[in-house]
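Here's the structure we're looking at; comments come further down.
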Amino acid sequence: MTAIDFPNSPTTNQTLTSGGVTWRYDGSKWKLDGYASGPTYETSLPGSPVDGQEIYYQDTGKMATDGVVWHLRYRSAGGTYKWEFVGGSPLSTTLNAVAGPSTVNANTWSDVASTAISLTTPLAGDYAVKGFSGVYRTTGSYNTLLGIKKDTTEGELINYTQIDDAYWVSMAVVGDITGIAASKSIALRYRTDANTTGFYRANARLEIRPIRVG
């Protein structure tokens, strides 16, 4: 096999092709180019990506704990967030136990039973979000809203239904959260249009999946 003659003073992202294999200098060492070697596993986004580069991203927090990996591809013409989602499982949290009874004040967003159902964004970007919950009331009849809180913005996404006396109902809210920074909270929230002291929630779940990040 012919030895590869690497340049002595390469520049970052300089490439060298030998024997049909392409190498790229990352600023400190020569590595097989992403096109030839396939996606690499990363805990942070590469600092000098190239168009079409693919990675398997997993942060060292909840993603690592839950075994969630996101397959991302870099598109230089992709706008603000250039790493586009190719595949992988959503990041999620689930609280199955019944929580309550809780006091919910009219027209005020609440966690219910002081139990936050939230996720922290690993990266800045746009996310597809899904929220699910069972809700129950013991007295009265009023509208109940299930919403998604984006950082400090309440009711970014909303769905609602009317709940009558002693009535369980399943609710879902689905949509996209755009332009959120890294390490920000996306949370499931509840709201009613009348005061109540007999509000319960159960089988609540929140999922987030990137659309594009960067």
Side-chain angles (χ1 to χ4, degrees), residues 1-93 116 118-131 148-153 156-157 174-188 206-214:
M1 179 180 292
T2 303
I4 301 173
D5 185 17
F6 291 110
N8 291 326
S9 300
T11 59
T12 300
N13 284 326
Q14 183 175 339
T15 60
L16 173 70
T17 300
S18 177
V21 177
T22 299
W23 300 77
R24 185 179 299 273
Y25 188 71
D26 68 2
S28 62
K29 58 186 176 299
W30 287 94
K31 298 170 61 176
L32 282 172
D33 186 69
Y35 301 111
S37 61
T40 57
Y41 281 86
E42 306 288 348
T43 57
S44 60
L45 297 181
S48 300
V50 295
D51 201 39
Q53 183 176 348
E54 296 185 21
I55 63 170
Y56 293 125
Y57 174 82
Q58 183 183 75
D59 74 1
T60 57
K62 183 173 174 59
M63 291 185 73
T65 300
D66 293 357
V68 173
V69 178
W70 291 339
H71 185 181
L72 307 175
R73 180 171 55 232
Y74 186 80
R75 186 163 70 92
S76 58
T80 302
Y81 307 112
K82 300 181 186 299
W83 287 97
E84 298 177 337
F85 181 76
V86 178
S89 302
L91 191 61
S92 65
T93 185
S118 64
L119 292 166
T120 300
T121 53
L123 299 164
D126 303 332
Y127 287 84
V129 182
K130 295 181 180 179
I148 299 294
K149 177 183 178 182
K150 171 188 173 183
D151 191 17
T152 59
T153 305
E156 178 77 12
L157 303 172
V174 178
D176 297 341
I177 295 289
T178 59
I180 189 169
S183 302
K184 296 297 184 180
S185 174
I186 294 179
L188 200 61
L206 178 65
E207 300 179 357
I208 62 173
R209 178 186 61 76
I211 300 171
R212 57 189 69 85
V213 291

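The figures here come from the full heavy-atom set of this structure, side chains too, leaving out hydrogens, waters and symmetry mates.
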Going through the distances and angles, do T121 and Y127 end up as a side chain to side chain contact (heavy atoms under 4.5 Å, CB included)?
-> CA-CA 9 Å; T121 53; Y127 287 84; 4.0 Å; yes
Side chain to side chain contact (heavy atoms under 4.5 Å, CB included) assessment of I177 paired with E156 | CA-CA 8 Å; I177 295 289; E156 178 77 12; 3.0 Å; yes
Y74 and V50: side chain to side chain contact (heavy atoms under 4.5 Å, CB included), yes or no, with the steps?
-> CA-CA 7 Å; Y74 186 80; V50 295; 5.9 Å; no
When you look at R75 and K82, which way does the side chain to side chain contact (heavy atoms under 4.5 Å, CB included) test go after all the steps?
-> CA-CA 5 Å; R75 186 163 70 92; K82 300 181 186 299; 5.6 Å; no
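The minimum heavy-atom distance between L45 and I55, with the atom names listed, is CD2-CD1, 3.8 Å. The shortest non-hydrogen separation linking V69 to Y41 is CG1-CE2, 4.4 Å. Between V174 and L157, the shortest heavy-atom distance links the atoms C-CD1, 4.4 Å. Nearest heavy-atom pair, P7 versus Q14, reported as atom, atom and distance to 0.1 Å: CG-NE2, 3.6 Å. Here the closest non-hydrogen pair linking V129 and I186 is CG1-CG2, 4.2 Å. When all heavy atoms are compared, the tightest approach of Y81 to D126 is CE1-OD1, 3.6 Å.
With rounding to the nearest 0.5 angstrom, the CZ atom of R24 is 5.5 Å from the CG atom of N13. Between the OH atom in Y57 and the NE2 atom in H71 there is a gap of 15.0 Å [rounded to 0.5 Å]. Between W70 atom CH2 and L123 atom CG the span is 6.5 Å, to the nearest 0.5 Å. Of the inter-residue distances, the one linking M63 atom CE with T65 atom OG1 reads 11.0 Å to the nearest 0.5 angstrom. The CG atom of L119 sits 5.0 Å away from the CD1 atom of I208 when rounded to the nearest 0.5 Å. Here I180 contributes atom CD1 and S185 contributes atom OG; the two are 7.5 Å apart, rounded to the nearest 0.5 Å.
Residues D176 and I211 form a side-chain contact, since some pair of their non-hydrogen atoms from C-beta on lies under 4.5 Å apart. Looking at K184 and T120, their side chains never come closer than 4.5 Å, going by heavy atoms from C-beta outward. Put simply, the side chain of L206 does not reach to within 4.5 Å of the side chain of S92, judged on heavy atoms. Y25 places none of its side-chain heavy atoms less than 4.5 Å from the side chain of S48.
Residues E42 and T40 bring a donor and an acceptor atom of their side chains to less than 3.5 Å of each other.
Listed by chain and number, the residues in a salt bridge (Lys or Arg N to Asp or Glu O under 4.0 Å) with E207 are R205 (sequence neighbours excluded). Remark: R73 engages E54 in a salt bridge (Lys or Arg N to Asp or Glu O under 4.0 Å) (not counting sequence neighbours).
Each salt bridge (charged side-chain N to carboxylate O under 4.0 Å, His left out) pair with one or both residues in residues 55-64, not counting sequence neighbours, appears once here: K62-D66.
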